[in-house]
**Student:** 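Starting off with a structure, shown below.
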Amino acid sequence: MAYIFSPIYQTFWLMAVVFLGLCLGSFAGALAHRLPRNISIRGKSRSACPSCDHVLHKKDLIPVISWLVQRGKCRYCSTPISADYVLIEMLTMILALAFFLLYGFQPLTVILVLTAPVLSAMFFIDLRHMLIHDVMNIALGVLAMCAIVASSFMVPTHIVENILLQSVVGGGMYFALALLITIIMSKLLKKQAMGGGDIKFFA
């Protein structure tokens with residue numbers, strides 16, 4: 001097992017996580033573009049330039065590199081491409097790498113890495129459009145439950161019930177707290193202080 005601690009082995013996995021994070025970031029970018037525009041993320045339609053509608057090829061979709069090589073412009077119509085795509089790819093990669101460095105090799109790490117594109121997409125959609133879609137909260141909730149189950153395998157059996165109970169109670173408390181803050185701030189500001197998506201996100 002000594003090879004696990006070798007610099008070459010660790011470097012390989014760091015590079016693998018960075019590559020995976022960038023790929024997940026590309027998916028997060030697609031989510032951030034499609035969801036606010038009600039474009040299906042399950043459709044068979046391929047990625048296309050939002051300006052000229054030209055279908056993008058594989059070389060146009062390499063995370064970060066394609067944007068840099070094309071100097072932030074569409075290769076077909078020369079329309080500037082938002083730097084948000086690069087930022088969301090980098091943010092997702094950083095989150096994935098941080099989860100890996102914090103938790104190492106374990107099932108929980110895989111689940112946390114998968115939350116990275118969801119969190120990145122949610123952040124950018126909320127930043128640009130001031131909304132959080134239910135589908136994103138559902139995805140995050142499912143991943144959260146998977147993380148709880150994965151964590152339960154790392155502790156004695158008699159503690160599992162406590163973990164599940166604490167998770168349910170904690171989620172309910174955060175939901176109630178967010179709802180209470182929203183009601184109070186909405187009355188003080190005389191406008192909606194926080195949307196329903198934000199309240200669900202707290203839970």
Side-chain angles (χ1 to χ4, degrees), residues 13 16-45 47 63 84-85 87-157 159-182 194-203:
W13 279 108
V17 172
V18 167
F19 176 76
L20 175 61
L22 289 173
C23 291
L24 291 174
S26 181
F27 174 66
L31 289 177
H33 173 76
R34 294 189 178 199
L35 286 179
R37 296 168 177 80
N38 293 319
I39 302 174
S40 174
I41 61 175
R42 296 179 297 176
K44 296 182 179 180
S45 59
S47 297
D84 283 0
Y85 290 100
L87 294 176
I88 197 170
E89 289 168 354
M90 292 298 296
L91 175 59
T92 306
M93 181 271 290
I94 291 172
L95 285 174
L97 187 59
F99 288 140
F100 177 72
L101 292 174
L102 284 171
Y103 295 94
F105 295 93
Q106 56 175 305
L108 177 62
T109 305
V110 177
I111 298 169
L112 290 174
V113 167
L114 292 177
T115 66
V118 179
L119 292 171
S120 297
M122 291 177 80
F123 173 76
F124 273 85
I125 292 174
D126 195 24
L127 182 66
R128 301 302 183 195
H129 304 278
M130 301 296 291
L131 59 89
I132 296 179
H133 288 76
D134 284 341
V135 66
M136 303 298 286
N137 274 323
I138 292 173
L140 194 62
V142 170
L143 287 168
M145 288 187 287
C146 291
I148 293 169
V149 173
S151 299
S152 68
F153 288 107
M154 302 167 60
V155 297
T157 306
I159 301 180
V160 174
E161 292 184 3
N162 290 334
I163 292 177
L164 295 176
L165 179 61
Q166 289 173 5
S167 300
V168 173
V169 173
M173 289 178 63
Y174 271 96
F175 180 86
L177 177 62
L179 182 60
L180 179 62
I181 292 174
T182 301
M194 190 159 53
D198 297 283
I199 297 173
K200 297 169 188 174
F201 174 72
F202 267 77

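The basis for the numbers below is simple: all heavy atoms, side chains too, and nothing from hydrogens, waters or symmetry mates.
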**Student:** Among all residues two or more places apart in sequence or in another chain, which pass the side-chain hydrogen bond (donor to acceptor under 3.5 Å, both in side chains) test with His133?
**Tutor:**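 So His133 forms no side-chain hydrogen bond (donor to acceptor under 3.5 Å, both in side chains) with any residue.
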**Student:** Taking side-chain contact (heavy atoms from CB on, under 4.5 Å) as the test, write out the residues that go with Val113, two or more places apart.
**Tutor:** Leu20, Leu24, Ala96, Phe99, Thr109
**Student:** Drop me the distance from Ile148's CD1 to Leu108's CG, to the nearest 0.5 angstrom.
**Tutor:**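 Interatomic distance, Ile148 CD1 to Leu108 CG, rounded to 0.5 Å: 10.5 Å.
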**Student:** Can I get a per-line list of side-chain donor-acceptor pairs under 3.5 Å for residues 114-130, giving both atom names and the distance, sequence neighbours left out?
**Tutor:**
from   : atom 1 : to     : atom 2 : distance (Å)
Thr115 : OG1    : Leu112 : O      : 2.5
Ser120 : OG     : Thr92  : OG1    : 2.9
Ser120 : OG     : Ala116 : O      : 3.0
Asp126 : OD1    : Leu131 : N      : 3.3
Arg128 : NE     : Asp84  : OD2    : 2.9
Arg128 : NH2    : Asp84  : OD1    : 2.8
Arg128 : NH2    : Asp84  : OD2    : 3.3

**Student:** For Met136 and Leu35, work out which heavy atoms get closest and say how close.
**Tutor:** SD-CD1, 3.3 Å
**Student:** Hey, what do you get for SG (Cys23) to CD (Glu89), rounding to the nearest 0.5 Å?
**Tutor:** 9.0 Å
**Student:** Roughly how far apart are Leu22 CG and Ile94 CD1, rounded to 0.5 Å?
**Tutor:**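 One gets 9.5 Å once the value is rounded to the nearest 0.5 Å.
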**Student:** Nearest 0.5 Å, please: how far is CG in Leu102 from CG in Leu97?
**Tutor:** 9.5 Å
**Student:** Quick one: CG on Leu140 to CE on Met145, what's the gap to the nearest 0.5 Å?
**Tutor:**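 Here the interatomic distance stands at 10.0 Å.
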**Student:** Test of understanding: with side-chain contact (heavy atoms from CB on, under 4.5 Å), list the residues that count as partners of Ala178, not counting sequence neighbours.
**Tutor:**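 By the side-chain contact (heavy atoms from CB on, under 4.5 Å) rule, Ala178 matches Met194, Ile199, Phe202.
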**Student:** Would you please name every residue forming a ring pair (Phe, Tyr, Trp, His ring centres under 6.0 Å) with Phe201, sequence neighbours left out?
**Tutor:** none
**Student:** Answer yes if the ring centres of Phe105 and Trp13 are under 6.0 angstrom apart, and no otherwise.
**Tutor:**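 Ring centroids of Phe105 and Trp13 are less than 6.0 Å from each other.
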**Student:** Any side-chain to backbone donor/acceptor pair from Asp198 onto Ile132? Under 3.5 Å, distance only.
**Tutor:**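 Answer holds: no.
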**Student:** Listing request: all salt bridge (Lys or Arg N to Asp or Glu O under 4.0 Å) pairs with a residue in residues 134-151, at least two apart in sequence or in separate chains.
**Tutor:**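 Every salt bridge (Lys or Arg N to Asp or Glu O under 4.0 Å) pair that includes a residue of residues 134-151, provided the two are not neighbours, is Asp134-Lys200.
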**Student:** Would you call the rings of Tyr85 and His33 parallel, tilted or perpendicular, taking 30° and 60° as the class edges?
**Tutor:** tilted
